[in-house]
Number of protein chains: 2
Amino acid sequence: MFNKLTYTRRRSALVAGMKARGASGLVLFVGNVDAPAQYRDNCYKYRQDSNWIYFFGIDEPRFAATIDLDNGDETVYADDFTIDDIIWMGPTPSVASQAAEVGVEHTAAYSALDEVVAKAKAQGRSIHFLPASRYYQAMKLASLTGLAPEDTFSKGKTGCPAASLPMVESVIALRLIKEEQEIALIDEACTLGQKMHSIARDNIRLGIKEQEIVGAMEGFAIAKGWGVSFATILTQHGEIFHCHSHDALVEDGRLMVIDAGLESNDHYASDFTRTYPTGGKYTSKQRDIYQIVYECNELAFELSRPGTSYRDVHLAMARKMLEGLKSLELVRGDVDEMLAQGVAGLFMPHGLGHNMGIDVHDMEDLGENLVGYGSGQSRSSQLGLGSLRMARILEPGHVITDEPGIYFIPALIESWKVSGQGKDFINYDKLKTYYDFGGIRLEDDVLITPDGARRLGANRLPIAPDDVEAAMAK
Amino acid sequence: MFNKLTYTRRRSALVAGMKARGASGLVLFVGNVDAPAQYRDNCYKYRQDSNWIYFFGIDEPRFAATIDLDNGDETVYADDFTIDDIIWMGPTPSVASQAAEVGVEHTAAYSALDEVVAKAKAQGRSIHFLPASRYYQAMKLASLTGLAPEDTFSKGKTGCPAASLPMVESVIALRLIKEEQEIALIDEACTLGQKMHSIARDNIRLGIKEQEIVGAMEGFAIAKGWGVSFATILTQHGEIFHCHSHDALVEDGRLMVIDAGLESNDHYASDFTRTYPTGGKYTSKQRDIYQIVYECNELAFELSRPGTSYRDVHLAMARKMLEGLKSLELVRGDVDEMLAQGVAGLFMPHGLGHNMGIDVHDMEDLGENLVGYGSGQSRSSQLGLGSLRMARILEPGHVITDEPGIYFIPALIESWKVSGQGKDFINYDKLKTYYDFGGIRLEDDVLITPDGARRLGANRLPIAPDDVEAAMAK
């Protein structure tokens, strides 16, 4: 929790931002309720809505709030505990005292929100809300606004047409630039996240189930923080990005991609990736590819500084990658042309990085393009560059990830081969010998500073191949 | 996963049960989708819907199914992976092959469900569905049926009026009696759950944060199973039942209630509670209360056998508890009268136990009264007995919990004192000296066998006070 002044300052800045964008009317925030795992009384661990955390802080379910843009009134809606609640859930501070702690004077019953919104609508006032991030929010926003629930969510990367653009833009402008205290909290989450990764590395043993390593990692995340900041990716098939099954046994000679983050008790994320040789030593074939990814990671960090766009950093990184792949004769020809034709996307179909903060992909639900692209920047349609989540000109206070990778995805390679895409550049014969290679990704979390950039977390995870092998030998 | 014949047998039994209850029309199952934690692309660990697990087994998001009661047709609705999906998520078996594995011949696109249901409605056929267990299901059921989303959930203990009673009753009849293979899987989950509890016990150390113990436990649950079967209760305030904050430091002289379960990879639950002296030795005051709860736990197990109602077991346990409290002079007077007036509820406001299976409170979303009360049984309105989730006459194949407890809840005691409830029996002066005591609960998982009952799990957790102290001294 931050102090009261921080929350009031943030809300004032939101109101100012919205007014500067011509908005008037009622601003609506719907916090989360518990998310059922099995059923409504058996829920996942509670996670408050990220925008609620930022503007209202109260880390309890079933809260909502309004801010009246026209008269400045702020109201928190929630229900005090009854005696029955106290028997089952213990005494808890009143809604009024919780609201006061974050600088909100007025409170009302949760159900009063319906009437307040209905009245504002009847008066023809605008109701401003952010895109839904969960199904409960969608249901609640739909019932308040008359929209279909599905229409309260962002539509892919462009955001939610029914949500308030002035609100979305003002929130993004604030949350993109991290405050000093936020940076300290992210640094702390990163230090813990690095410790979690060290535990993972120390637990890699041939013959065990991948799940055992995941348990060791996530147990630490629960012991020291809220838990993991996203579903852990731990796989000997790094070429599969969203791999959440962990039932394989650890086999010798494979590359294990571990992409995982710890969310701190204060709800700030970390997000790191390392790629380990399961047996403790990279083969020379693995090491060649690893070295390219490693150099791409280092280059991206070196280039990250205020005034440079992360799109350009991605492109410089992609050039370095193509040069490396060319030296291994996996591609051939002019690197500039390959870059222009998007050949790098065959090997790295994702972007170099994303914003990180209270969300691991910060504010993704508000619409990726609005979050990650500045005015005048448009999103590429190329594989790879088109998946870049953060393209903006870098500014001090941005927190971003630096996560290049090289993958050999047989289905993708085959589809390019069939369609003839990149045929002048790609050495399909040699690529064929990489179909069982898997993938490599190396990720650090980076703060943009006035002078350049700083990697977050107290102890950078070993990344140079010799250092990784040395750490595994311990 | 079970074999194909198990799933087809279960579905046939469901159809037979529904027809015997006079049903016709279309039976609808909506499986789960991923549950957003931060936003729709950052989700909690996937948990399939429990009824879907039981009847269709396929452990993947975004599946639905229909069974036509009139012609017997079964159809699974889901979408095959596109090339884009394969790039990001890897190759996966086709929907048709997944459906075939559980004995379903027909498949269709997920979106086809809308049309199938609309057509059946237009023909005036009944649409049978179970109460929603999650907000996504509520949204989907609402859009298919025209109900308001909230009306697709169970209303408290009585179930969901809009759901299909023949379907609900038929599902309960099946799932209440565990099959042989299910019992083996529950036994396995219990053995792992006991190991998890041993880890917790070994991690209790004065001065650490409770969260550290939770991390050690839950890490094991993730390493060996799906995770925890419900949000871990680990607290030095055992008198608060739904205590999910773990930020207190472990203090000397307290009682720590640990109520936690592990869900196996096959999605069967376990659920155990033990209460430890934080410093390793119970005080004599703690030991006196502990001994009563321990004897209540033992008695309930001894009485549990086919033909006896669990309501009667609860009442016998409550009598024993009152006798014990009387011997400590916390209550006085005639035990029969106290029992009749519900005095036990002041000390134990919850019931003796619940059904357990794929859900930790098995089928709770279908309506507690329908699940836990047989024909002719009605639910008490007394505190304690009124919270009993399982009252039925016991039958072989029932899996239930045996979890007596004694708690000193200042707010509750004060409210009884003010209202005069139980005033002839309760020694309020002495009770006052227990306001900082906390609570004790002791829980085992029990299978009803043809001859009696068997505690589940390979190694019963130490429960006799000397045994607990000995285990903690190791």
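Side chains are part of it too, since the values below use all heavy atoms of this structure and drop only hydrogens, waters and symmetry mates. Each chain gets a letter, A, B and so on, in the order its sequence line appears, and its residues count up from 1.
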Examine whether an atom of [X] lies under 4.5 Å from a heavy atom of chain B, and if so say whether it belongs to the side chain, the backbone or both; otherwise answer neither.
X       : value
Y407(A) : neither
N51(A)  : neither
D359(A) : both
I358(A) : backbone
A148(A) : neither
A411(A) : both
H267(A) : neither

(Q) What's the separation between atom CZ in R175(A) and atom OG in S50(A), rounded to the nearest 0.5 Å? (A) 5.5 Å
Q: Check whether the ring centres of F153(B) and Y135(B) lie less than 6.0 Å apart, and answer yes or no.
A: yes
Hey, are [Y] and [X] close enough side-chain-wise for a donor-acceptor pair under 3.5 Å?
X       : Y       : result
D247(B) : S245(B) : yes
D271(A) : H354(A) : yes
E414(A) : Y435(A) : yes

Which one of [options] has the most heavy-atom pairs closer than 4.5 Å to chain A?
options                           : answer
I409(B), L383(B), N42(B), T232(B) : N42(B)
N265(B), I213(B), V214(B)         : N265(B)
S415(B), P410(B), S229(B)         : S229(B)
Q48(B), E150(B), H246(B), Q137(B) : E150(B)
W88(B), Y136(B), F220(B)          : W88(B)
V360(B), I86(B), D41(B)           : V360(B)

Carboxylate-amine/guanidinium proximity below 4.0 Å for [X] and [Y]:
X       : Y       : result
R47(B)  : D34(B)  : no
E212(B) : R205(B) : no
R134(B) : D49(B)  : no

Q: Could I get the full list of side chain to side chain contact (heavy atoms under 4.5 Å, CB included) partners for T82(A), not counting sequence neighbours?
A: D84(A), D85(A)
Q | Results of side chain to side chain contact (heavy atoms under 4.5 Å, CB included) for L249(B) - residues two or more places apart only | A | K209(B)
Chain A contact via [X] - which portion, at a heavy-atom distance below 4.5 Å:
X       : result
H237(B) : neither
V33(B)  : side chain
S387(B) : side chain
H350(B) : both

**Q.** From CA spacing to verdict: side chain to side chain donor-acceptor pair (under 3.5 Å), Y44(B), Q38(B)
**A.** CA-CA 9 Å; Y44(B) 286 107; Q38(B) 295 175 343; over 6 Å; no
Q | When K45(A), E210(A), E263(A), R40(A) are compared by non-hydrogen pairs under 4.5 Å with chain B, the top option | A | R40(A)
Q | Top contributor to chain B contacts, counting heavy-atom pairs under 4.5 Å, from A223(A), P131(A), C43(A) | A | A223(A)
(Q) To check you understand the geometry: which heavy-atom pair defines the closest contact between L412(B) and P349(B), and what is its length? (A) CD2-CG, 4.1 Å
